[in-house]
Structures are given as structure tokens and as C-alpha cells.
There are 2 protein chains.
Amino acid sequence: MARTLEFDYDTTLERATRLFWKSGYAGTSLRDLLKEMGIGESSFYNTMKSKKRAYLECLKHYNETVARKRAKVFLEAPTAALGVRALFNNMLESLDNPDTPAVICMMAGSLTHEVLDEAELREYIEGRMTTLRDTMIARMNADKRDGLLTAGFEPQFVVPIVSTYMQGLWRMALVSYERSSFERQIDVFLTGLGL
Amino acid sequence: MARTLEFDYDTTLERATRLFWKSGYAGTSLRDLLKEMGIGESSFYNTMKSKKRAYLECLKHYNETVARKRAKVFLEAPTAALGVRALFNNMLESLDNPDTPAVICMMAGSLTHEVLDEAELREYIEGRMTTLRDTMIARMNADKRDGLLTAGFEPQFVVPIVSTYMQGLWRMALVSYERSSFERQIDVFLTGLGL
DNA sequence: CCCATTATGTATCGAGTGCTACAGATCGTC
DNA sequence: GACGATCTGTAGCACTCGATACATAATGGG
């Protein structure tokens, strides 16, 4: 019926994701993005419609890969407490891995005015964060019923604390990161919370 | 000897600070900045030299006012534990106060690539953060010697946790803020740490 | 009053922004 | 193999960015 796409959508999306991840939304210009994706303006606007929508697609792609793996790491641990610790270990591995595009999680990097001011982006991000928190809370409540967590343990407060602390850690890593120091403070933090 | 300045430096610096505070470094254009300050390009570059240097001056001004007040709030509390809690209360008051220019601390808002990529800005920010942490650690060590904190309490790990968590809170407030929820989780957090 | 010195207003620079118009290339269908 | 449909390359849009050139205006010492 018509001409076929000359580029592979998944490949270009993957490349775009890594660039957005590394440089942020406003920090990535359309020219840089196109260069990285290896396509022209026409192809880009034909498939993506706008930079904002492209970022949204990249965020989704990020969640279907990186974030999904993190959720898996958490859920497959024998207990919620170990799951949370596995999550932080996964974070430290990302920080140590030179192949990781950025020193910050793409979701954490999206917690800025430039991104949050775009209604569609904000909505998606809020949704993902809520989902992740709900998953963790549910898991902890299950553990609590099984007696794996003390009766005084309150998942609905602990989980926001954990995710807030993690957001802070991603930011702090931007300033300076040293594994042993991070490891130690994470351990003190989690132990204090009863995890 | 020469022509006198037509504007009041302190006033324009104050205005610039509030705009930078609200909109961030990259998010504030020179045009908006000049409009807010009520001066022209010539006057600006004559006294400030560049946007980067202007931001640095604003950061310093911010620290000499807002951040200084926060440090005072911490130090004047009867104990380090109460000081930390007073600090969080001060934060919540800022969040509640509609006169506060932004929903984020200017220092927390500076923990981005756009700012941290500028060597002079990064250096200043690192310095301030280190100073604040050292102040808190010293205070806690004093309390520890006085028996106000348990022997197992380790200030050198707890303080980074507290400041990291606070950075996370500022970010989270960008997404959604509700005082009662924040209050509750802060209390659980601090209690867990032994504060 | 002249003059060096400094401040200000205006106009503009060159580069970069996201995005679009449009002509031409390539496809499946008849 | 002509046709309509879709894709792609190029050029450029209108705008904004931070920064600067330069003429003019004010200042106070000599």
C-alpha cells in the first residue's frame, strides 16, 4: 500500500531512551536525539509526533526493561525485607556499571519541573510510582501477616520512606558516589526501619 | 569619578534569587531574569559578568538567609535529635507557606546536571553540603558524649542518611505534597534512626 | 568646565531550539 | 507500469538563548 519504514523502531527507541536517560529531557536537543537515533526530522515526527511524546515512549520503554527488572528483583526475593535490600544492591550495581547510561535512574531524573510541567508525562510518572509503591506495600503486608515483619511495622509509611530515600540517593550520587559509603548508610537506614 | 549605579544591588539580587529558586538555573532565561530584576543587559553583565556567576551569587545569598536560618534552627534546639526534627518542621513550614518561591529548596534544586556541570557551582554546592553535614555530625557526637544518644548511634552514617532523605523529600514534594502524610513518614523515619 | 571613568539603553550577534513545508523517493495495488 | 499512499531528505521556519558592541548619559576630580 505504501512505502516501508527504513529504520527499526525498537532500535531507535532504545537509542533515544539511553540518550534521554543520560542527558535528561531538556538536556537532550532534537538534533542530538536524531543523530543518536540515526534518522531525520521527517521520520521522527512521522512516528513520534513530538519530543514530549518521544520522551513518554522512552519512559515506557525504560519501565518495561530496567524498572521491570528492578520490580522482578524485589518480588523474587524470599521476603520483602530481602527484596528491598536486593533493590538497593541492584541500584549500586547500576551505579558501578560503566555501561549504565547515566548516574541517575531515568524515573528519578524525571522528577524535575521541565518534565513534571508536561501533564501527560507527569501523569505517567505518578502512575508508575504509585504502582511500584502499591506493589511493595502489598508484599510487606503479606509478610506481616506471615509474621515476617513485626506487628508495629507500618508498610504504608515505610514504603514512601524507602522510595523517598532512594530518590535522594540517586540525586546524591550525582554529586559524589563511593560504593562502600553508600552500602554502609543504606544498611544503617534499612536496619533502622526494621528491614 | 564616575557614574553611580541606578539600581540597588541587594534588591535585584534578592529578586534574582527568588526567580532562580522558583524556576531553576536552566529554567530561568536571561530575559526573564532581567525583567524580574528591573535592569538591562548592560547593568547585569557589568555587575554579574555572566548568568553562571549570577546564579552563584544567588546561591550564596540563599545560604546567607534561608539556609542560615535552617542551620540556626538546628543548632538552637536543646538536643541534636530535636534539632533534626526542628529542621524537618522548618521544611514543612516552607512547603506550606505560599510565600515560599518554590516547592523545592534551592540547594536541592541545584542537584541537577545543568548546575553540577558548571565547575564553580558544583564546588560551592559540595562545600556547603559538607559544611552542613559536618555541623550536624559534630553536634551529634557531642550529644553522644553526653549520653543523649545511644552508644551504637553512628553520626557519620546517620547524618548522610538524613540529608539524603531530605533531598528525596524535596523532590517528592514536586510530585505531590500533603502535610499530614509527610509528617507521619518523617516521624517514622527519624524514630527508626533513633532520633 | 573639561575630561576620564563608569553606567545604561538599544540593537544585534551567532548559535541553537522544536518543529514544519515540500519535493522527491519508494512501496503495494490494480 | 501508472496510481495513491506513505516515508524521507533538505531547507527553512519563527523563536529563544546567553552574550556583546557601541553610542549615549551621568558622575566627580582637576
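Only a predicted model underlies this, so the values are computations on that prediction, with no experimental measurement involved. Just so it is clear: chains get the letters A, B, ... in the order the sequence lines come, proteins before strands, and each one is counted from 1.
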Worksheet item: Below 4.5 Å, heavy atoms only, C-beta onward: do B/Met140 and B/Leu195 meet side chain to side chain?
Response: yes

Self-check item: Sugar-phosphate, base or nothing in reach of B/Ser42, heavy atoms under 4.0 Å
Solution: base

Of the candidates D/dT27, D/dC7, D/dT20, the side chain of A/Asn46 sits closest to D/dC7

For B/Pro160 and A/Gln185 the tightest heavy-atom approach is CB-OE1, 3.3 Å

Tell me what A/Phe7 touches on the nucleic acid: a base, only sugar-phosphate, or nothing, going by heavy atoms under 4.0 Å. sugar-phosphate

To the nearest angstrom, the CG-C1' distance between B/Leu5 and D/dT27 comes to 12 Å

### Query
Does B/Ser29 make a side-chain N or O approach to OP1 or OP2 of D/dT16 shorter than 4.0 Å?
no

Would B/Lys51 pass as a cation-pi partner of B/Tyr25, given that its NZ or CZ must be under 6.0 Å from the six-membered ring centre and within 45 degrees of the axis? yes

From OH of A/Tyr45 across to P of C/dT17 the rounded distance in Å is 11 Å

Of B/Asp32 and B/Glu6, the one whose closest nucleotide on DNA chain D sits nearer the 5' end is B/Asp32

Between CZ of B/Phe44 and C1' of C/dT10 the distance, given in whole Å, is 18 Å

Atom CZ of A/Phe20 and atom C1' of C/dG18 are separated, to the nearest Å, by 11 Å

Whole-Å distance, B/Tyr25 OH to D/dC17 P, equals 13 Å

*asked:* Base, sugar-phosphate or nothing for B/Thr28? Non-hydrogen atoms, less than 4.0 Å.
replied: sugar-phosphate

Base C/dC27 paired with A/Arg3 side chain (donor-acceptor, <3.5 Å) | no

Quiz item: Touch check for A/Glu41, heavy atoms < 4.0 angstrom, all strands: base, sugar-phosphate only, or nothing?
Solution: base

From CG of A/Leu33 across to P of C/dT17 the rounded distance in Å is 11 Å

Residue set satisfying salt bridge (charged side-chain N to carboxylate O under 4.0 Å, His left out) with A/Glu36, at least two apart, ordered chain then number -> none

Against the side chain of A/Thr4, the closest entry in C/dC19, C/dA7, C/dC27 is C/dC27

Taken to the nearest whole Å, CG/A/Leu30 to P/C/dT17 is 9 Å

Tightest non-hydrogen contact, residues B/Tyr62 and B/Cys105, listed as OH-SG, 3.4 Å

Taken to the nearest whole Å, CZ/A/Arg53 to C1'/C/dC19 is 15 Å

Of D/dG9, C/dC19, D/dA19, the nucleotide closest to the side chain of B/Arg31 is D/dA19

The residue, B/Ile39 or B/Ala2, whose nearest nucleotide of DNA chain C is more 5′ is B/Ala2

